[in-house]
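First comes the structure, then the notes that go with it.
Computation of the quantities below employed the complete heavy-atom set of this structure, encompassing side-chain atoms and omitting hydrogens, waters and symmetry-equivalent molecules. Chain identifiers are assigned alphabetically (A, B, ...) following the order of the sequence lines, protein sequences preceding nucleic acid strands; residue numbering begins at 1 within each chain. For clarity, every value in this text was computed on a predicted model and none was experimentally measured.
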Number of protein chains: 2
Amino acid sequence: MTQENFTPPLLTVDSVLFTIKDNSLKILLLKRKNSPFQNSWALPGGFIDVDKDNSAEDTASHKLTDKTGVTPPYLEQLNTFSSKSRDPRGWSASIAYFALIAHEETNLDVTPKNDENAQWVDVGNLMDETADYQPLAFDHRQIFQFALERLKQKALYSMLPVFCLPKEFTLGEYHTLIEIILGKSIQKKTLYRRFEASNMFEETGETVATGARAAMLYRLKEGAKLVNFERNLG
Amino acid sequence: MTQENFTPPLLTVDSVLFTIKDNSLKILLLKRKNSPFQNSWALPGGFIDVDKDNSAEDTASHKLTDKTGVTPPYLEQLNTFSSKSRDPRGWSASIAYFALIAHEETNLDVTPKNDENAQWVDVGNLMDETADYQPLAFDHRQIFQFALERLKQKALYSMLPVFCLPKEFTLGEYHTLIEIILGKSIQKKTLYRRFEASNMFEETGETVATGARAAMLYRLKEGAKLVNFERNLG
DNA sequence: GTAATAGTGTCTATAAGACATTATATA
DNA sequence: TATATAATGTCTTATAGACACTATTAC
């Protein structure tokens, strides 16, 4: 049996790129220029270029780099969403990726580049189907929700969220980030213990003043591998 | 930009179906009848029938039901494997699924059905690239290894492996199963505590004798949901 | 009775949660 | 000095690990 017996399905790649900005969790959305769902907001993505991309991950990475100017420090496959009805053009599958970046590292904040058709959208906005930017194109809201669940789950047992922070950051920023992702308060002592135990970071030697005692800045160690813990946070 | 500008990639579905049999972990492999990789062993799967299947999960489920005679009690998406080179026919992606079943519930043991081209293959065999059944077709060995990692990981924090057992089973069988999956000994006390705490099972009232004290038989409660724990086993 | 497997009691070890305390900065 | 935020000390709690013990069956 060969594929020639069948109508080939459409195959696309879409990415949910998270960042932390203005004390809230946001994802990158683009306004669609073309049909279907013209002028709706959508996840960055598109068709695979079989000549240029060696794998779907390449496609995801290229599309994100095009939009942000940088390669996200974390990119993993999320899930593939497929159905007869998710795309009006026919049976389709989208290989979805999940990525993290510090918005400060992208060119999206820069004024000349500032693009009305590419926006960091607050996750809170996307939970309410009647809010701005809604409804999203295709099943992108469902993909976003799947990604958010994955992020929350991984925040419970790994250091993953640090990839939302800039290259140098304080423990306080890390603490705030985790509380925003999980939507509840976490003892800073617990996070600091894990931060230390992970052995992924080193002091820069610099401190940053916040109106009170100056906080130590940390950076990821060269070649540090992402650490998972044996227990979940509460 | 539409897909018509591109050569469409090939899209298939493949499943890694695990069971426990003769005190070892096995997966279902089929001998390929057609090119490419004719006569090589491969995971059950194939192209999506866009007229019959509403989603890729439907395809996975249909293919497994065709081969085993029953619908596996556990089926989840694993990962999508894609590259320019994994299929000699061109750029291709395979949406891989991960499934568990009790071999006793399938028709694969039944003598008249017994099919030389469908075999339960020991996982130990597949770790050694020079052993029987190797090399597998396409990148199916890599897909299998990804699935095995997922199974081991989930065995550490969930009751998932029970779906490898028949409808009625003893705590001793569950204990043996977990030790086989993890490849190391686990305190039965620890497993029994989790088994109880999960609240997923009920006594059938029947016991089964094993030459010594009779063991209680358990079954999954009606509508029981799979439970995850907050810590991993050691 | 012995042997074998099923199942429990209970102590220890580890890491998270709670929360008080000390440290260092600015005004 | 007061106050704000950074960072640490230490006690409690929850659950896994170790391992000895009791229970029930066949012989």
Quickly work out the [X] [atom1] to [N] [atom2] distance and round it to whole Å.
X	N	atom1	atom2	value
A:E179	D:dT5	CD	P	14 Å
A:E230	D:dG17	CD	C1'	14 Å
B:F229	D:dA16	CZ	P	7 Å
B:K188	C:dT8	NZ	P	10 Å
A:L191	C:dA15	CG	C1'	13 Å
B:M216	D:dA23	CE	C1'	13 Å
B:F195	D:dT15	CZ	P	19 Å
A:E196	D:dG9	CD	C1'	14 Å

Review point. With sequence neighbours left out, what residues match A:F144 under ring-ring contact (aromatic ring centres under 6.0 Å, His included)?
Key: none
Considering only side-chain heavy atoms of [X], which listed nucleotide, [options], is closest?
X	options	result
B:R194	D:dA16, D:dA7, C:dA6	D:dA16
B:A212	D:dT25, D:dT5, C:dC19	D:dT25
B:Q187	D:dT15, D:dG17, C:dT8	D:dG17

**Study point:** Side chains of B:T80 and A:T80, donor plus acceptor under 3.5 Å
**Key:** yes
Point to revise | Distance-only donor-acceptor check, side chains A:T65 and A:K67, under 3.5 Å | key: no
Exercise for review: Report the residue (A:K189 or B:E173) whose heavy-atom-nearest nucleotide on DNA chain C is the more 5′ of the two.
Suggested key: B:E173
Practice item. For B:T210 and for A:I186, locate the closest nucleotide of DNA chain C by heavy-atom distance; then report the residue assigned to the nucleotide nearer the 5' terminus. Key: B:T210
Practice item. Please check the phosphate of C:dA16 (OP1 and OP2 only) for any side-chain N or O of A:T190 closer than 4.0 Å. Key: no
Review point. How would you label the contact of B:A209 with the nucleic acid (heavy atoms, under 4.0 Å): base, sugar-phosphate, or nothing?
Key: nothing
Practice item. Give A:Y192 one of three labels, base, sugar-phosphate or nothing, depending on what nucleic acid heavy atoms sit under 4.0 Å from its own. Key: base
Review point. Would you say A:T19's side chain and A:I101's backbone share a donor-acceptor pair under 3.5 angstrom?
Key: yes
Exercise for review: May I ask you to check if A:R219 and A:F169 form a cation-pi contact, with NZ or CZ under 6.0 angstrom from the six-membered ring centre and within 45° of the axis?
Suggested key: no
Exercise for review: Using heavy atoms to find the nearest nucleotide of DNA chain D for B:T207 and B:L233 separately, return the residue whose nucleotide is more 5′.
Suggested key: B:L233
Going by modelled atom types, is there a donor-acceptor pair between the base of [N] and the side chain of [X] at under 3.5 Å?
X	N	value
A:R193	C:dG17	yes
A:R213	C:dT26	no
B:R231	C:dA15	no

